[in-house]
Amino acid sequence: METANAPWPKSLWAAVTPAGPALPELKGSVEADVVVIGAGFTGLSTALHLREQGIDVAVVEAVEPGWGASGRNNGQVIPTLSRPDPEDIIKRYGAAGERLVGIIRDSASILFDLVRRYQIQAEGEQSGWIQPVHSPGRIKIAERRVRQWSKHGAPVELLSSDEMRKLLGSSAWHGGFWNRTGGHINPLALARGLARVVLERGGRIFARSPVESFARQGDRWIVKTAQGQISARALVVASNAYTGEFSKQLSPGIASEVMPVLSWQMATQPLSEQARQTIIPGRQAVSDTHGELYFMRYDARNRLVTGGNVIGFGDKTGRLKEMVGARLQRLWPEIGEVKFDYVWNGYVGMTTDFLPRMHKLGPNAFGWTGCNGRAVALSIALGNEFSKAVRGVPDEELALPFSEPVPIAAHGLMRLLAPFMLLVYRRRDKKEMA
């Protein structure tokens with residue numbers, strides 16, 4: 001494969017977002033102080049923070065900035081992990097876990113502050129993030145999270161069922177909690193906006209140039225593509241769930257420790273003014289406690305951007321439209337007939353314990369994976385941490401709990417079986433509702 005001219009998913013974001021900057025392919029030999037593999041949120045944030053320090057950086061991307069998970073997700077800006085809470089993180093990682101908790105706590109504000117500082121037109125709304133609980137028993141989850149995150153200074157608030165009903169316009173949930181620093185953005189617009197800022201500040205980005213391998217030669221890292229190579233003092237691998245998609249030799253350790261799980265996103269037709277007065281009137285981002293997650297937010301055109309999961313064969317898009325449309329009608333009967341204009345998908349990088357993995361890949365070389373559905377805010381925040389790492393900031397000052405890559409046993413087989421975990425989640429969700 002000389003270049004990656006992979007098609008863009010037919011997503012809402014691809015339809016409404018202005019084109020990104022024109023970028024060259026990597027051809028011939030290039031030198032840089034730091035080379036970053038992947039022009040998603042992590043890679044672009046790393047490059048931007050390096051340029052803020054005047055450090056020469058080159059980013060090499062398989063397709064275009066935001067083509068992968070960074071441009072396909074729901075765009076919710078969530079300052080927590082999906083399941084682990086602060087005590088879990090600190091128990092696992094110690095002092096580095098304490099620092100990681102601080103970064104996660106601040107991650108939404110870090111993102112929105114960066115967007116405002118560089119005036120990136122990403123349709124950002126810092127309206128808050130809400131996690132409602134879907135059964136009375138799961139209010140314990142909200143209570144635990146409020147207790148633990150409050151202890152670490154997060155602006156979280158426990159909500160009663162009545163308060164939740166007023167915020168969301170639905171009596172389907174039994175309370176929950178929210179964090180006012182969260183919100184939502186157009187993720188593809190954010191990726192393309194970050195790319196523009198990196199270029200404006202003197203960084204370089206090469207597109208349509210899948211990296212085939214990287215290796216240490218002397219005191220340099222050599223990153224090779226089909227038509228060129230970059231030699232650099234330091235390296236950051238920021239390809240996350242797409243690490244093995246273009247080259248199995250890119251970083252087998254990272255690729256085999258994360259499970260790329262297909263996540264489906266959907267956008268309704270714009271809701272009427274009357275419906276918007278009662279359905280999430282404060283325009284917060286919402287994702288609840290179902291294993292088969294219920295999640296939704298408005299976009300700038302007043303579409304509800306939501307999604308779901310489906311297994312098996314046949315017309316998956318049609319089945320999703322029917323299933324998620326019926327779900328929205330159950331939650332908000334006043335919504336009326338639900339029609340979807342866009343349905344698309346992309347990979348989410350899942351780990352077995354829902355914790356991210358950060359690695360030292362060699363001298364002055366770093367990488368991470370395992371967003372577990374929380375990459376938007378976290379990736380932007382981690383970009384600054386990786387910029388510090390390649391600048392030589394000591395480990396004890398970084399919010400990066402380093403570990404060795406540990407592959408998932410029978411990774412190929414588990415990747416085939418992973419979608420069927422949806423059946424397990426559905427069974428658990430039904431038990432919770434009983």
Side-chain angles (χ1 to χ4, degrees), residues 11-17 41 66 69-80 82 107-109 111-112 115 121-132 134 159 164-170 172-173 176-191 263-273 275-290 292-309 320 324-325 327-329 331-332 335 338-346 348 371 373-380:
S11 70
L12 167 65
W13 312 128
V16 303
T17 305
F41 291 151
S70 293
R72 302 184 187 213
N73 62 79
N74 194 260
Q76 297 202 21
V77 182
I78 302 175
T80 70
S82 57
S107 58
S109 291
L111 182 150
F112 285 113
V115 166
Q121 302 304 307
E123 303 174 3
E125 296 185 44
Q126 196 170 13
S127 50
W129 171 70
I130 299 174
Q131 185 171 49
H134 75 276
L159 300 171
M164 190 65 72
R165 177 178 51 79
K166 291 176 182 177
L167 279 172
L168 301 186
S170 173
W173 291 285
F177 83 105
W178 77 316
N179 185 316
R180 296 174 187 267
T181 68
H184 48 87
I185 47 91
N186 172 334
L188 182 56
L190 177 57
S263 174
W264 291 81
Q265 309 293 324
M266 314 167 69
T268 69
Q269 292 183 348
L271 268 59
S272 68
E273 177 65 26
R276 288 191 288 112
Q277 294 300 315
T278 58
I279 299 172
I280 322 178
R283 300 179 63 86
Q284 295 90 351
V286 180
S287 45
D288 78 355
T289 54
H290 278 93
E292 185 184 359
L293 195 65
Y294 291 15
F295 58 96
M296 63 287 296
R297 42 69 60 101
Y298 284 107
D299 81 332
R301 289 146 294 276
N302 299 315
R303 300 177 187 272
L304 271 183
V305 189
T306 180
N309 287 289
L320 273 169
V324 178
R327 174 189 298 171
L328 293 178
Q329 288 178 321
L331 296 171
W332 295 285
I335 199 171
V338 179
K339 294 184 178 180
F340 294 96
D341 286 341
Y342 301 94
V343 180
W344 70 98
N345 60 48
V348 174
C371 65
R374 292 292 188 268
V376 177
L378 182 59
S379 294
I380 298 296

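For clarity, every value in this text was computed on a predicted model and none was experimentally measured.
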Do [X] and [Y] make a side-chain contact, defined as non-hydrogen atoms from C-beta onward lying under 4.5 Å apart?
X	Y	answer
W264	V324	no
S109	Q126	yes
S70	P187	no
L331	M296	yes
P132	Y294	no
L111	V115	yes

Test item: Q76 side-chain N/O and V286 main-chain N/O as donor-acceptor pair under 3.5 Å: yes

Can you tell me how far apart [atom1] ([X]) and [atom2] ([Y]) are? Round to the nearest 0.5 Å.
X	Y	atom1	atom2	answer
F340	L328	CZ	CG	5.0 Å
L188	N73	CG	CG	9.5 Å
H134	H290	NE2	NE2	4.0 Å
T17	E123	OG1	CD	6.5 Å
D299	T268	CG	OG1	8.0 Å
L168	I130	CG	CD1	4.5 Å

Specify the closest pair of heavy atoms between [X] and [Y], including all atoms of both residues, with the distance to one decimal.
X	Y	result
A191	G66	CB-CA, 3.7 Å
N309	L320	N-CD2, 3.9 Å
G308	F295	N-CZ, 4.0 Å
V376	I380	O-CG1, 3.4 Å
A267	L12	CB-CD2, 3.8 Å
A189	A122	CB-CA, 3.8 Å

Counterpart residues, ring-ring contact (aromatic ring centres under 6.0 Å, His included), relative to F112 (two or more places apart): none

Trace of the side chain to side chain contact (heavy atoms under 4.5 Å, CB included) decision for D288 with L293: CA-CA 6 Å; D288 78 355; L293 195 65; 3.9 Å; yes

W344 and W13 aromatic ring geometry - parallel, tilted or perpendicular at 30°/60° bounds: perpendicular

Under 3.5 Å donor-acceptor pairs involving side-chain atoms of residues 177-185, not counting sequence neighbours:
unit_1 : atom_1 : unit_2 : atom_2 : d
W178   : NE1    : E157   : OE1    : 3.3
N179   : OD1    : T181   : N      : 2.9
N179   : OD1    : T181   : OG1    : 2.7
R180   : NH2    : E157   : OE1    : 3.1
H184   : ND1    : R297   : NH2    : 2.9
H184   : ND1    : Y298   : O      : 3.3
H184   : NE2    : R283   : O      : 2.8

Test log, rule side chain to side chain contact (heavy atoms under 4.5 Å, CB included), inputs T278 and W332: CA-CA 9 Å; T278 58; W332 295 285; 5.8 Å; no

